[in-house]
Amino acid sequence: MEANENIVNTSGLAVAYGERTVLHDINLRIVRGSVTCICGGSGCGKSTLLRSLIGLTPIKSGSVHIMGQDMQALEGDARSVFLSRIGFMYQSAGLLNSLSLLDNLRIPFKAHTQLHDAIIDELVMHRLAQVQLSHALHLLPGELSGGMLKRAGFARAIALEPELVLSDEPSAGLDPVTAADLDALMLRLKDELGISLVVVTHDLDSIKRIADYVVMLDDGYVKYSGSLQGALACSDPMVQKFFAREASSHGSAEGSLWQQWQGKSP
Amino acid sequence: MLRIELERYNQEAIVRLSGRLCRAEAEARGAELLALAGLGRVLRLELGALEEVDSFGAASIAALARRAAASGCELRLEGASELVRGRLERFLWGQQKVKKRRGLADILEGVGEGFLAHLASLKAFLYLVSDTVLWSIAGAARTQRVRRGAVWLESVRIGLDALGIVCLIAFLVGTVVALQSASILRMFGADILVADMIGISMTREMAPLMTAILMAGRSGASIAAQIATMNINEEISGLRTMGLEPVKYVVVPKFRAITLTMPGLTIFANFCGIFGGFIVAVLYMELGISAFLHELSQALYVKDILTSLLKSVVFAWIIVWIAAHKGFQAYGGSDSVGRVTTSSVVASIFWCIVADAVFSLIFYF
């Protein structure tokens, strides 16, 4: 794979909280224009990896290059300008609760462009229309449902038409139908805007719907990195166990409990 | 690069756009484009030579269209390529206005809504007051089972933890009042009257009022923020679904605690304030200890002490009722917590001073 096809490259990335190293020797290649899902069990370091890519969590060693730019070499205004080319969608949307959606979405335009206010308002309305939230223009984030909040968060993430969008657990807390709708929306806008998506999730259905590539973490190490098809066919027991969850979760609860009582693995 | 060519015929203006209209051009020439809206009654925008438009460029044309419509100008888009038209169609999708111009009816409606909201707030406040008093007096066996030791815990938080700062502030106020009055009293050879001054001012006004202001800023803010956060995090709803009345569970222990501790704090404030004045009188004004104490005992009446304690209890109730009321009004997010906390402190201090004025009218006029 050529380096210029990759929008994100990490080399020997390690992250620590104090003395405790939570990510070890992460070497990632995120393909431009693709959807890459970072998955794994709870506490394996998925969100930490996502945050460390753009410096929200400082790294202990190694390097991160996004669009060819060494992220550690960026400081001050240059860093701020560069980050405007990357969108970040937080698990809880990360919108300012005191501001309406209109004002929330105005922020990136006012901070990073010299556009006239009237043009900014058109762009904000367009972004909200893209995520089917035109009717919620004047609502506060606290007045939105979970699904609407996620869509609003995504609208802010794509406000400046970034080349890369990082999303932390977009389907967390959503019902399956709303989660599927959000996935479809993200895929549609990814194609429309030509963005690359890196999504942290442990929702198997979501991974199968959106992922081109999968990075699987286990206890801070990359267990698998490659295509979704490769992950599904992977012989590694850990990866198999993760992707086989769906089959076991479809069994009846009664059966599962009965198997546990019988001392059998479910 | 964007080129703008303009031709004008009477009430009609023809604008030819060529080149590219993307983010850089929208930023650099957006204002110039928007100014085209006021050029005539008909604005023909020829887009045939426009090679590239991104969403920023399309937003610029959409903003121009909206502005033209608002100023009664007819905008015609002509000759756009399929690509440009596709971009524009996504923008010229609706007529939702960002800012709604308010008419007289809207203003009157706003006033009416505001009045009704204040009325509802007053009603809720009166309910809170009656519920708190009722359940505090009538006892709340069920609450006591659920929150055993709550009154003691709240008393420590509200009263005991504030003792240090209340005493320190009262002491400083006492010294300042004594120092300020010393120079004037000396002019009249009435140094000894500093004992009367400090005794009366501390017991009647300074001690209860300064304690109330401190408690409004410290404990009142804490109560408002706590209840607001509980409200936002649906803890209050959680209590209701368990069949517990939030006022009984959350407010009554605080009400009892502040009712018990505030008079105690005020007594300490009285002592510390008078002690501050005593220090100034003895060390700075060189008055005799026995002379100061004798003058003080002559100046002070039991009525002053009792009024001070009565005031402190009323101030305590004002603080806890307003803080709880504001806390229950919080909704939305973190911003709301800050807003109701500020509002609670300001309103508590204001109403404590109003109550103080009423007390002065009742007891001393």
First locate atom NE2 of H112(A), then atom CZ of R23(B), and finally report the distance between them rounded to the nearest 0.5 Å. 8.5 Å
Pairs of heavy atoms under 4.5 Å with chain B: top-ranked of T113(A), L140(A), L99(A): T113(A)
Do R127(A) and S55(B) make a side-chain contact, defined as non-hydrogen atoms from C-beta onward lying under 4.5 Å apart? yes
Shortest non-hydrogen contact from M125(A) to R66(B)? CE-NH2, 3.3 Å
For atom CD of E7(B), is the number of surrounding heavy atoms from other residues, nucleotides or ligands below 6.0 Å larger than 12? yes
Ranked by heavy-atom pairs below 4.5 Å to chain B, first place among N97(A), D117(A), I119(A) goes to I119(A)
Applying a strict 4.5 Å limit to non-hydrogen atoms, the region of R339(B) in contact with chain A is neither
Between atom CD of E122(A) and atom CD1 of I61(B), what is the distance when rounded to the nearest 0.5 Å? 11.0 Å
Smallest separation among heavy atoms of F56(B) and L115(A), with atom names: CD2-CD1, 3.6 Å
Look only at the side chain of Q114(A) and the backbone of E27(B), and say whether a donor-acceptor pair between them is shorter than 3.5 Å. no
Heavy-atom count check: over 12 atoms from other residues, nucleotides or ligands less than 6.0 Å from D77(A) CG? no
Check this for me: R41(B), atom CZ, are more than 12 non-hydrogen atoms of other residues, nucleotides or ligands nearer than 6.0 Å? no
